[in-house]
Novice: 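I am attaching a structure below and will ask some questions about it afterwards.
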Protein chains: 4
Amino acid sequence: MSMNELKVGVLGATGAVGQRFVQLLHNHPWFRVSALAASERSAGKPYREAVTWRLDTPIPGFAQDLQVSRCEPGLDCDLVFSGLDSSVAGPIEAAFAAADYAVVSNSKNHRMDDDVPLLVPEVNADHCRIIDYQRKRRGYDRGFIATNPNCSTIGLTMALKPIADRFGVRKVAVTTMQALSGAGYPGVPSLEILDNVLPFINEEEDKMERETLKLLGTFQDNRIRNAQTVVSAQCNRVHVQDGHTECVSVELETKTDKEGLAEALRTYTAMPQELGLPFAPRHPVVVRDEPDRPQPRIDRDAEDGMAVTVGRIRPCPVLDMKFVVLSHNTIRGAAGTAILNAELLRTQGYLD
Amino acid sequence: MSMNELKVGVLGATGAVGQRFVQLLHNHPWFRVSALAASERSAGKPYREAVTWRLDTPIPGFAQDLQVSRCEPGLDCDLVFSGLDSSVAGPIEAAFAAADYAVVSNSKNHRMDDDVPLLVPEVNADHCRIIDYQRKRRGYDRGFIATNPNCSTIGLTMALKPIADRFGVRKVAVTTMQALSGAGYPGVPSLEILDNVLPFINEEEDKMERETLKLLGTFQDNRIRNAQTVVSAQCNRVHVQDGHTECVSVELETKTDKEGLAEALRTYTAMPQELGLPFAPRHPVVVRDEPDRPQPRIDRDAEDGMAVTVGRIRPCPVLDMKFVVLSHNTIRGAAGTAILNAELLRTQGYLD
Amino acid sequence: MSMNELKVGVLGATGAVGQRFVQLLHNHPWFRVSALAASERSAGKPYREAVTWRLDTPIPGFAQDLQVSRCEPGLDCDLVFSGLDSSVAGPIEAAFAAADYAVVSNSKNHRMDDDVPLLVPEVNADHCRIIDYQRKRRGYDRGFIATNPNCSTIGLTMALKPIADRFGVRKVAVTTMQALSGAGYPGVPSLEILDNVLPFINEEEDKMERETLKLLGTFQDNRIRNAQTVVSAQCNRVHVQDGHTECVSVELETKTDKEGLAEALRTYTAMPQELGLPFAPRHPVVVRDEPDRPQPRIDRDAEDGMAVTVGRIRPCPVLDMKFVVLSHNTIRGAAGTAILNAELLRTQGYLD
Amino acid sequence: MSMNELKVGVLGATGAVGQRFVQLLHNHPWFRVSALAASERSAGKPYREAVTWRLDTPIPGFAQDLQVSRCEPGLDCDLVFSGLDSSVAGPIEAAFAAADYAVVSNSKNHRMDDDVPLLVPEVNADHCRIIDYQRKRRGYDRGFIATNPNCSTIGLTMALKPIADRFGVRKVAVTTMQALSGAGYPGVPSLEILDNVLPFINEEEDKMERETLKLLGTFQDNRIRNAQTVVSAQCNRVHVQDGHTECVSVELETKTDKEGLAEALRTYTAMPQELGLPFAPRHPVVVRDEPDRPQPRIDRDAEDGMAVTVGRIRPCPVLDMKFVVLSHNTIRGAAGTAILNAELLRTQGYLD
């Protein structure tokens, strides 16, 4: 699929998520970054001076000398990716949407608004249609807000969706071992995590338990109805740079075995694959048969970080089946899914 | 409680568990180490030459020049602690028991034998009475074999027992994040665990799921009857030196809330506390109220490593209640519990 | 040596160094903590509420309910230990000294003042006599300021002093691998040090190169004259919690060999040992013969963290001899040396 | 430069260095892997079954089904890369050379033979001419042995060579902080390096002190004459996966300053760059101006791991100048340099 180039901006461009947007949008076939916006302190400076770049690849050439703007409507672009901190994202994103910008956000502020899609394109692409209702209700003309879930929810729901479709999922118990990059920068002090596990991440369990229901829900009569699934999450921070590992148990409506579950996961594709979206992994879920996979350092970059990897599928004595999910928390779990959301929304006509 | 000094030996004294026995038995009020036994290769050497000592405190003075013996009956002692590798422990331990030695073992070989107690003194002290049946059945006179569970099972059952007594436990789902020292030496290569999680520990999940049932079982009519609890375990290795962290969810027979569960755990004591055994922690279960505890580096040494710490008690949407358990895997989870077992067995007359 | 109890206070008591003072002063035979002072924000609260305690042992009982004061003269004590941040330490310490308090500081502000002793009792105990000149010059009556060096300098100079005394040291090249706790709290973000080395610590090389000369200098005619030694330092931060490792090469005035150097280090004692000061290690320098020692995790707690450990003594093809030094950076390298300084100063009559 | 495809083999193909050869030779423009050889145990199996692959990218397609051979002459290729363990490399490599194979080895066995080139193409490309003498002396016809240095020596000499050429280097003091991958597999146990530094690597200091002299030496009259430089090395293992960091001080014949040294390093190119060899980095030495660079995680992959990075150039009070060098120890420090050596040797006619 080929498209005319669309001008896009990044809100919060100097932050951790914003940097990942800048990195991943380099050479994007459909989107050209024409605006980078950040706080008052950075505004007016060339990006290379405003940013303390922390990614392992250099600042892309296009961004080096781009002058940083304020986070206010007036940017020369049609769509903005938001990596804003949640302390400020709410009203800024609404202002952009009201000013006819498409807002594709990684921030949590509008995720649970009942007229805002909480999207993972392989999981619930049809939910994007709630935008029609959003525009009507909020009086937006061409603008809208679309969001992606929390990083740990994305990995989980990408593994649950193929199972839910084939077998039905009644209950989910998940324990996470999450990477340090999920805490942003400066994030977790080294003295707290060296030779340690932190068994608590603020608000994370609540996000996983609530966002999952919306993602697995159905779009009907211009409403998103939550799934009836029950989710219990226990979230931990471990000494890993990138890649969230999740130990999952599920209770199914229709029983199956290891092979049945593996086949449902391995063969799953959805709209991003059918449309051939630029950021879509060929296989959204990679299934490993080795007894000791997935592992964050080995599997986080599967399909450029856009696939999740599932392994250790086996029966669970308490629920029905259990397995381990691994996903790259700052690519598939944040900026990468937002970009895929923007690609999806464009193909669905929301950027015309 | 005061006792005459009893001579004890350590089998496998140069290994990881054996070294911990030697360290912890230093200055023990009831036991004096009079024999250290190891493989053919070490036999005949002074201990300080035979061992590659890896603990943070120096080799105790008493052990420095003790000559290492072979692992054969004939040692000058009444009781042997076994830290033998499971590849050789089975027949050696049986030979010692047949030769009138009390064998208190950390090895897995005899744990599930139906005439061998699998003991954690705070959990199932009464199971020691199966030794009477064991002696009769195997024709042992003064000897016997008693075992302690796998490290991750000990932490789990110490937290489950007070709950089971007060509320009844139907189902248990547990996900572990286990320390590197649990793998012995040389154990996990650094290249495998740096910036990584290993989502698999050989046989560990099976041990947790089976041993827990025997520990929570009842002793009746000279038989140990397994508990009817259902256990599901997911075991992971993380970048921590000592201290296993376990995220647990339980389904109860009688419902309770956070305060009820905390109170049951906090106030629990059992025979080791009542008898004032030398290695008994005053509080077998320490309950922490902070939102981010327990943590391995901070909590593993609670009560000299003999207490387990429980925190984050809260309702579980899938089962009933969930919480986090932390225990020192090589002290409470191995040598320390074995020593406490020996203390218990002595008070119960099995060493007379 | 026995002494009447002296009342002491801690300035900056809620910070990283301050917490270590509180921990180490627990049960001190000569000093009783009667005042804890910190910033405006903490003043008026009981210490246990004001502090975010980060050490592995619990807050000592004496400190739990002590009410935190402001960092102003008027504290009920004769001596204050200062763990103040260098952004505020300078004038506060001077105000206390002017108000007749003995100020024993770990802060850098007054270290290089030419009338202030920069003390490590095993290295330059006689420098304390500069206090007489300080009092006269600054018009202090009973008060004074004494300081200890930077953590990495303390380990270095304790190893250099016995060598300098016996053989003379002309040149010193040192490369450090420093622990994370040296950066205080929150200090180094985990994302910066995981799978990494940071080859730079702000101002650290300059401190090592300058402070070493004052420490190895001589006290003559009421002046401290710097040593003529030339020092070159390269400082790195590595993934270690506590314990600075330093690779040192020295050029000597009188040549010697491995045995000569080892003997000079191993047998070294100084005034703290002769006086039997409570915090004095029996052997200030522990010499290890194993090829792979010292190591931070194994050797940092030698003599309760108050001894430095030297190993790998061997000839250096470029200078004369090379070796590795290890010291606990927050005990011997900070609060522990400050307490030993206070003990020394008391025996020398500066606290009468 | 374009070349006909040459068939190459890998000796020790299942080991750590062998795997890196297989990975890096994938799609090489001049070399096609036609033979993989390993121990008796692996011989006869397809490579994917014989190897326990540990690199982060998958096994290249070409290697998957290639049948593993024994390490004996008879392989279908003209050149063999040797990643053999030093316990067996010596006679095997000699046998291949005698049987007309070009042997390009990463093993230490023949490095210091006076008729074998010890090559880093940017440092001493002209030393390859010793092969003519080697062939004559050993009676080889078309075969020969060429070697590359130890990983830590490669990084060091690539930084020293531009300095030696421009200013002359009399003395070198270097302290290394080396990555875990340098120890191969399984290598360093995690329990030894977690929260620790190992101040010793067997034979490493000796290799750095001796190999450097041969590399910086001159080729004259069919002899390699060692440089007169004096080198002192202190080698440490730190908690880093890949990338050796080296703190270097040098005494120069002609004095210079920071800018002079930086310019000599930054502008340096040599024969690989002039010939445009496929594996040659455009800039063999990358110079960074930031105060806290180079860092292993950020800089090890500079120019696909084939460039070394130098930073923190500044005067040294003891010698003349000091700086920090960083190089990828398994790419530039092992297999990558061996491949570049093979490319060089081909352009110099030794593979015709």
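Every chain is numbered from 1 and lettered A, B, ... according to where its sequence line falls, protein lines coming before strand lines.
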Novice: Report the residues that fulfil side-chain hydrogen bond (donor to acceptor under 3.5 Å, both in side chains) with D56(C), sequence neighbours left out, ordered by chain and then residue number.
Specialist: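 So D56(C) forms no side-chain hydrogen bond (donor to acceptor under 3.5 Å, both in side chains) with any residue.
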Novice: With sequence neighbours excluded, what pairs up with F279(C) under the ring pair (Phe, Tyr, Trp, His ring centres under 6.0 Å) test?
Specialist: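 Here the qualifying residues are H28(C).
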Novice: Look at E122(C) together with R332(C) and state whether they make a salt bridge at an N to O cut-off of under 4.0 Å.
Specialist: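 R332(C) and E122(C): salt-bridged.
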Novice: Heavy atoms under 4.5 Å from chain B: which residues of residues 192-200 of chain C carry them?
Specialist: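 Against chain B, the residues of residues 192-200 of chain C that fall inside the cut-off (heavy atoms, under 4.5 Å) are L194(C), D195(C).
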Novice: Using non-hydrogen atoms and a 4.5 Å limit, figure out which bit of R297(B) sits close to chain C: side chain, backbone, both or neither.
Specialist: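 Both backbone and side chain.
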Novice: Within a 6.0 Å radius of atom CZ on R282(C), are there more than 12 heavy atoms belonging to other residues, nucleotides or ligands?
Specialist: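 Atom CZ in R282(C) is not packed in, count stays at 12 or less.
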Novice: For E40(C), enumerate each residue passing the salt bridge (Lys or Arg N to Asp or Glu O under 4.0 Å) test, keeping only those at least two apart in sequence or located in another chain.
Specialist: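 Here the qualifying residues are R70(C).
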Novice: Are any side-chain N or O atoms of Q67(C) and backbone N or O atoms of P46(C), one a donor and one an acceptor, separated by less than 3.5 Å?
Specialist: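 Such a contact is absent between Q67(C) side chain and P46(C) backbone.
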